[in-house]
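Note that ligands are numbered from 1 as they come in the structure, with each ligand's atoms numbered from 1 the same way. Reckoned from all heavy atoms, side chains included, excluding hydrogens, waters and symmetry mates.
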Amino acid sequence: MMDVPLTLAMIADHAERWCGGVEIVTRKPDRSLARTTWGATLGRARQLARALIAAGMRKGDRVATLMWNSAAHVEAYFGIPLAGAVLHTLNLRLHPEEIAYIASDAKDRVVIVDDCLLPLLDKVIAAGARFERVLVVGEVPAGRDSYDAFVAGGDAAAKLPAIGEYDELGTCYTSGTTGRPKGVIYTHRSSVLHTLVAALPDSLGLSRNDTLLPVVPMFHVNAWGLPYVAAMLGTRLVLPGPFLDAPSLLDLITGERVTIAAGVPTIWIAIRDAMDAEPERWQLWPGLRMIVGGSAAPEQLIRDFDRLGMTIVHAWGMTETSPIGLVSRLTPEVAASNDVALKYRLRAKQGLVPPLVDLRVRDEAGHDVPRDDRTTGEVLVRGPWIAAGYVGGHQPERWTDDGYFRTGDVARVDDRGYVQLVDRMTDLIKSGGEWIASAELENALMGHPAVSEAAVIGVPHPKWSERPMAVVVLKPNAASRAASLEGDLRTWIAARFPKFWVPDAFVFVEVIPRTSAGKFKKTELREQYRSWTW
Ligand code: AMP
């Protein structure tokens with residue numbers, strides 16, 4: 001067989017040559033919709049690559065982006081790696097000092113920034129980040145360099161460098177709830193293999209017939225690799241720019257005939273509540289699917305969206321796993337059964353292991369746990385798109401002697417092979433020597449008809465060492481009944497879990513703080529309620 005390196009250039013060539021006319025739509029910061037094509041976008045990506053080389057970028061040099069999801073960001077996704085440089089997507093939701101730390105740790109030489117994010121970039125630079133060049137997309141203030149002019153300056157005749165499949169393609173930093181953020185490097189090979197498997201029908205299941213809306217930001221684990229999947233298949237792309245509120249997303253989904261969308265549960269909780277509040281406002285297209293991951297999709301959310309005509313596909317992954325590690329699809333036996341409750345239970349699990357991922361759930365002694373749906377252990381993973389280490393060699397203890405990455409997630413496996421996450425090891429609550437899984441309590445609470453969102457944390461307790469506290473956001477129509485609902489919620493939990501799992505305190509709030517990736521920020525809640533008097 002021919003020895004053809006697996007690189008992004010193959011995906012870009014294919015998309016440009018065979019799917020060049022397929023549209024990419026972006027909502028711009030002024031809310032207007034800009035339309036371009038895969039052909040034009042990849043043509044500009046090559047121009048960007050040539051301009052970067054002319055500006056002195058060499059193999060392995062880091063080029064950062066500080067951008068929302070847009071066609072220009074897609075150009076960077078391809079142009080930077082095609083130059084042999086490394087795409088570094090900076091997370092604009094982090095604190096400027098943290099972004100500055102990450103940009104310095106990665107040694108980013110150039111940054112491409114959306115005009116609306118320049119005030120943030122200035123803070124990042126004031127916090128110590130040093131870039132040789134700042135390229136501004138959109139309106140360019142006096143004294144700044146224009147991204148468009150930079151791209152136009154690339155020598156159209158210049159040859160792009162040959163890329164090896166083990167060359168670095170991109171880097172993402174984990175949002176890390178403990179310690180400093182850590183960098184993960186993706187190679188061309190790991191990204192191509194991840195793209196192939198992510199696209200499969202039993203994985204994320206995309207096609208050229210789809211219109212994809214990645215709500216998951218392109219600065220979070222490469223938008224779960226979806227821009228590369230879309231290019232490989234020639235899928236039409238709709239990009240939301242900075243507007244991630246429920247009405248803006250629903251306008252885009254209906255107006256642009258989106259068939260598949262992807263994002264964290266908090267986005268979909270807001271969308272469900274908006275649709276329930278105004279049932280007549282949005283007419284959805286039949287067959288709309290949503291890939292939901294990043295934190296657990298509560299079973300009630302899956303049921304609610306079935307009612308609204310949208311199908312949730314639940315998936316699990318991490319920055320270190322590129323991210324696809326589990327996808328919950330029904331096996332043929334389950335799909336054929338009439339047991340509706342079973343189907344929902346399995347769809348709410350994190351799912352089945354995709355091809356080429358070697359996933360184990362091991363107990364403390366290092367043995368695979370039995371498939372009994374009871375015994376728990378830590379999820380370990382190995383495979384061609386799983387990180388082999390962090391930039392700078394931090395935390396080598398996260399890898400086992402036999403080459404698996406320790407995820408820090410605790411799970412159990414049922415006899416059908418479905419993996420269900422119980423909790424993050426750091427979120428487990430230890431009460432009187434027994435473990436309580438906060439994530440399971442959250443999912444149950446979010447199944448109560450009055451609850452919109454719930455986060456459960458362990459709070460120090462003089463007798464039990466820790467006791468669970470539930471921080472709850474009620475649905476708008478239940479908000480006035482908080483005082484009378486507490487007893488109801490206790491009974492709801494007591495009916496489903498051991499008695500000692502019932503939270504000792506219920507706190508009703510208007511919002512739960514979010515991490516930069518839109519997950520519940522439990523570190524902040526733990527800090528806030530640390531000195532709670534029981
Ligand atoms: P990140 O690297 O920021 O994407 O975070 C990865 C972590 O998010 C995982 O280790 C899990 O703890 C959590 N996570 C991702 N997907 C899910 C899911 N479907 N259900 C529960 N937790 C999830």
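When each atom of ligand 1 is checked for a heavy atom of Lys519 under 4.0 Å away, the hits are 1 (P), 3 (O), 4 (O), 5 (O), 6 (C), 7 (C), 8 (O), 13 (C). With ligand atoms numbered from 1 in the order given, ligand 1 contributes 1 (P), 3 (O), 4 (O) to contacts under 4.0 Å with heavy atoms of His220. Near Leu421, meaning under 4.0 Å from one of its heavy atoms, ligand 1 places the atoms 21 (C), 22 (N). For ligand 1, the atoms closer than 4.0 angstrom to any heavy atom of Asp409 are 9 (C), 10 (O), 11 (C), 12 (O). Residue His314 has at least one heavy-atom neighbour below 4.0 Å for each of these atoms of ligand 1: 18 (C), 19 (N), 20 (N).
For atom 2 (O) of ligand 1, the nearest non-hydrogen atom from the set Thr319, Val422, Leu326 comes from Thr319. In this structure, of Ala315, Ser516, Cys172, Ser295, the residue bringing a heavy atom nearest to atom 22 (N) of ligand 1 is Ser295.
Looking at Arg424 against ligand 1, only its side chain comes within 4.0 Å, counting heavy atoms.
Ion pairing between a basic and an acidic side chain is recognised when a charged N comes within 4.0 Å of a carboxylate O; Arg307 and Asp276 show such pairing. Look at Arg362 and Asp402 and you find a salt bridge, because one of the NZ, NE, NH1 or NH2 atoms lies within 4.0 Å of a carboxylate O, short of that distance. Remark: Glu168 engages Arg62 in a salt bridge, criterion side-chain N to carboxylate O under 4.0 Å. Comment: Glu453 engages Arg514 in a salt bridge, judged by a side-chain N to carboxylate O separation of less than 4.0 angstrom. The pair Asp415-Arg371 does not count as a salt bridge, with every side-chain nitrogen at least 4.0 angstrom from each carboxylate oxygen.
Checked against a 3.5 angstrom limit, the closest N/O atoms of Gly294 and ligand 1 fall inside it. Residue Thr407 places no N or O, backbone or side chain, under 3.5 Å from any N or O of ligand 1. Considering backbone and side-chain N/O atoms, Ala296 comes within less than 3.5 Å of an N/O atom of ligand 1. Geometrically, ligand 1 and Gln350 share a nitrogen or oxygen pair separated by less than 3.5 Å.
By the 6.0 Å and 45° rule, Arg398 does not stack over the aromatic ring of Tyr390.
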ring-ring contact (aromatic ring centres under 6.0 Å, His included) for His88 and Tyr173? Distances and angles first, verdict last.
CA-CA 9 Å; His88 182 194; Tyr173 275 64; 5.2 Å; yes
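Take Arg303 and apply the side-chain contact (heavy atoms from CB on, under 4.5 Å) test, not counting sequence neighbours, and it matches Glu299, Gln300, Tyr344.
Side-chain atoms of Ser431 and His461, non-hydrogen and from C-beta on, never get closer than 4.5 Å to each other.
For the pair Ala517 and ligand 1, no heavy-atom separation below 4.0 Å is found.
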